[in-house]
Amino acid sequence: MKVEVLSCEKIKEGYIVKLKDGNEPFYIDGKGGQLGDRGTIGESIVLEVKDGSILVDKEVALGEQECSINMERRKDIASQHTAQHLFSALAYNDYQLNTMGFRMAEEYTTVDLDSNTITEETIKELENKANEVIRRAIELKIYTLNHEEAMKIEGLRKAIKDKVTGDVRFVEIPDTDLGACAGFHVENTKDIKLFKILSHEKIKGNYTRFFFIAGDRALKDYAFKHELSKELCHIFSCKDHEILTMLNKSLEEKKKIETEMKMIASEFSELLGEKLMKEAEEINGYKFIIYVGDKTTVQYLPRHINPEEYLLITGSEDSYSIISNKINCKDFLKELTSANNNIKGGGNQIKGNFKGKISKEELKKQLETFLNKL
């Protein structure tokens, strides 16, 4: 297949290509809520199909070029799109729920239905009914009518938009759905293979948003979760139906250990505080302590250091705190962040927080510079 490249312009994300016949033969991203085509133009890879242009990864020579379209991607898109028609039709036909929005993404597809009171029972029924239609192997009917003929069609789930003036393409799942659509679709419902609702959530407008997958996406998702289940069974040495029980038991044990560790850390920090105060250094009459250690100990240590007598800086995993009634902590942090571009933070007069990579030696040097000015 060949296309004629009229222009190729460098931009930040890659190169914008314009073809003689618009975007033909590539389907536009987001048109009708659907994903767009991917493929190649010459030696370049198509990254995005825009309205009137195509984004590619490298420069394309002007003139006639060979192009290709990823047909496996089209097959996947067709499965998701027909599954959306099927789901929306069943929701409308059996539960009087209207589809208010549809968006296909690389990982899943979303459909917004006009109710936020849909029960779990109804959701399970919708999923089961969709898979029943898939198993019935119904041949789809896809045809195009001129505008006059199209406007006479009855039984549409969604009315044809007023802005449509030319020929209209229809996609029909016999006895289930009929709608105008220019997107990709399977030939037979059996080609969808499997329909699975991943999750749902309430959104603005009193709607419910459903996240689903179909086709090979659903099969791959099942395979992944099966392997995940096997691995969890191995970790917990249990059957698959026992995973949640074992997980809850593990979480309870973890919670118990964390409580015990906090008690130990609290007692340790008291002893550590006494040691650090005895070993405190002094600059220009100001006693200071810099301690870098585990997060739990750092959390309890300030309780055992008197801020009226000592300036305390504690740190753990590139996160630091400063507490002192002897200096203005806000002023110190302002100097610290000005001197070190990789340090960010702030606070008030008696305490503050900062983050970034800085060694204990660098921190001590910066503190020394500040204290010698006082």
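The structure displayed is predicted, hence computed values, not measured ones.
- If you check the side chains of Thr122 and Thr119, you find a donor sitting under 3.5 Å from an acceptor.
- Side-chain contact check for Asp331 versus Ile327: every heavy-atom pair is 4.5 Å or farther apart.
- Hydrophobic clustering (side-chain heavy atoms under 4.5 Å, transitive across Ile, Leu, Val, Met, Phe, Trp, Tyr) keeps Val186 apart from Phe170.
- Under the 3.5 Å distance criterion, with hydrogens and angles disregarded, a donor-acceptor pair is assigned to the side chains of Thr40 and Ser68.
- There is no path of hydrophobic side-chain contacts, each under 4.5 Å, that joins Tyr207 to Met104.
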Practice item. Using the side-chain contact (heavy atoms from CB on, under 4.5 Å) rule, take Val171 and Leu178 through it: C-alpha gap first, then chi angles, then the decisive distance, then the call. Key: CA-CA 6 Å; Val171 175; Leu178 175 61; over 6 Å; no

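- Judged purely by distance below 3.5 Å, without hydrogens or angles, the side chains of Asn98 and Asp114 pair a donor atom with an acceptor atom.
- Using modelled atom types and a 3.5 Å distance limit, the side chains of His304 and Glu270 yield no donor-acceptor pair.
- In summary, Asp37 and Arg74 engage in a salt bridge, as defined by a charged side-chain N under 4.0 Å from a carboxylate O.
- Heavy-atom neighbours of Glu121 CD from other residues, nucleotides or ligands within 6.0 Å: at or below the threshold of 12.
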Exercise for review: Carefully, step by step, assess Lys202 and Arg209 under the rule side-chain contact (heavy atoms from CB on, under 4.5 Å).
Suggested key: CA-CA 6 Å; Lys202 295 178 182 179; Arg209 174 166 293 167; over 6 Å; no

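- Atom OG1 of Thr208 is separated from atom CD1 of Ile123 by 7.0 Å, given to the nearest 0.5 angstrom.
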Check your understanding: Would Phe288 and Tyr310 count as a ring pair (Phe, Tyr, Trp, His ring centres under 6.0 Å) if you check the C-alpha gap in whole Å, the side-chain angles of each, and the deciding distance to 0.1 Å?
Key -> CA-CA 5 Å; Phe288 68 92; Tyr310 299 91; over 10 Å; no

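- We find that Asp221 and Lys225 are joined by a salt bridge, their nearest charged nitrogen and carboxylate oxygen being less than 4.0 Å apart.
- Results of the side chain to side chain donor-acceptor pair (under 3.5 Å) test with Glu258 over Lys256, Lys255, Lys254 single out Lys254 as the only residue that passes.
- Side-chain atoms of Asn23 never come within 3.5 Å of backbone atoms of Phe26 as a donor-acceptor pair (strictly under, hydrogens ignored).
- With hydrogens and angles left out, the side-chain atoms of Glu125 and Asn128 include no donor and acceptor closer than 3.5 Å.
- In this pair, Phe211 and Tyr108 present their aromatic rings perpendicular. The plane angle is above 60°, beyond the 30 to 60° band.
- Ring-centre distance between His200 and Phe210: below the 6.0 Å cut-off.
- In summary, Arg38 and Asp29 engage in a salt bridge, as defined by a charged side-chain N under 4.0 Å from a carboxylate O.
- When atom types are taken as modelled, the side chain of Ser266 and the backbone of Lys262 share no donor-acceptor pair closer than 3.5 angstrom.
- No side-chain donor from either of His185 and Glu172 sits under 3.5 Å from a side-chain acceptor of the other.
- We find that Glu282 and Lys287 are not joined by a salt bridge, their nearest charged nitrogen and carboxylate oxygen being 4.0 Å or further apart.
- Under the 3.5 Å distance criterion, with hydrogens and angles disregarded, no donor-acceptor pair is assigned to the side chains of Ser250 and Glu253.
- Among the candidates Ile290, Leu312, Leu311, the single residue satisfying the side-chain contact (heavy atoms from CB on, under 4.5 Å) test with Ile322 is Leu311.
- Under 3.5 Å, the side chains of Asp167 and Thr144 contain no donor-acceptor pair of N or O atoms.
- Defined by atom type and a distance below 3.5 Å, a donor-acceptor pair is missing between the side-chain atoms of Asn248 and Glu252.
- Linking ILVMFWY side-chain heavy atoms closer than 4.5 Å, directly or via other members, places Ile41 and Ile16 in two distinct hydrophobic clusters.
- Surrounding CZ of Phe224 are at most 12 heavy atoms belonging to other residues, nucleotides or ligands under 6.0 Å away.
- Atom CD of Glu260 has more than 12 neighbouring heavy atoms from other residues, nucleotides or ligands inside a 6.0 Å radius.
- Within 6.0 Å of CD in Glu187 there are 12 or fewer heavy atoms belonging to other residues, nucleotides or ligands.
- Using a cut-off of 4.0 Å between Lys/Arg side-chain N and Asp/Glu carboxylate O, Asp318 and Lys357 are scored as salt-bridged.
- Using a 30° and 60° split on the angle between ring planes, Phe332 and Phe370 fall in the perpendicular class, above 60°.
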**Study point:** Derivation of the side-chain contact (heavy atoms from CB on, under 4.5 Å) call for Glu127 and Phe195
**Key:** CA-CA 7 Å; Glu127 183 176 275; Phe195 174 83; 4.2 Å; yes

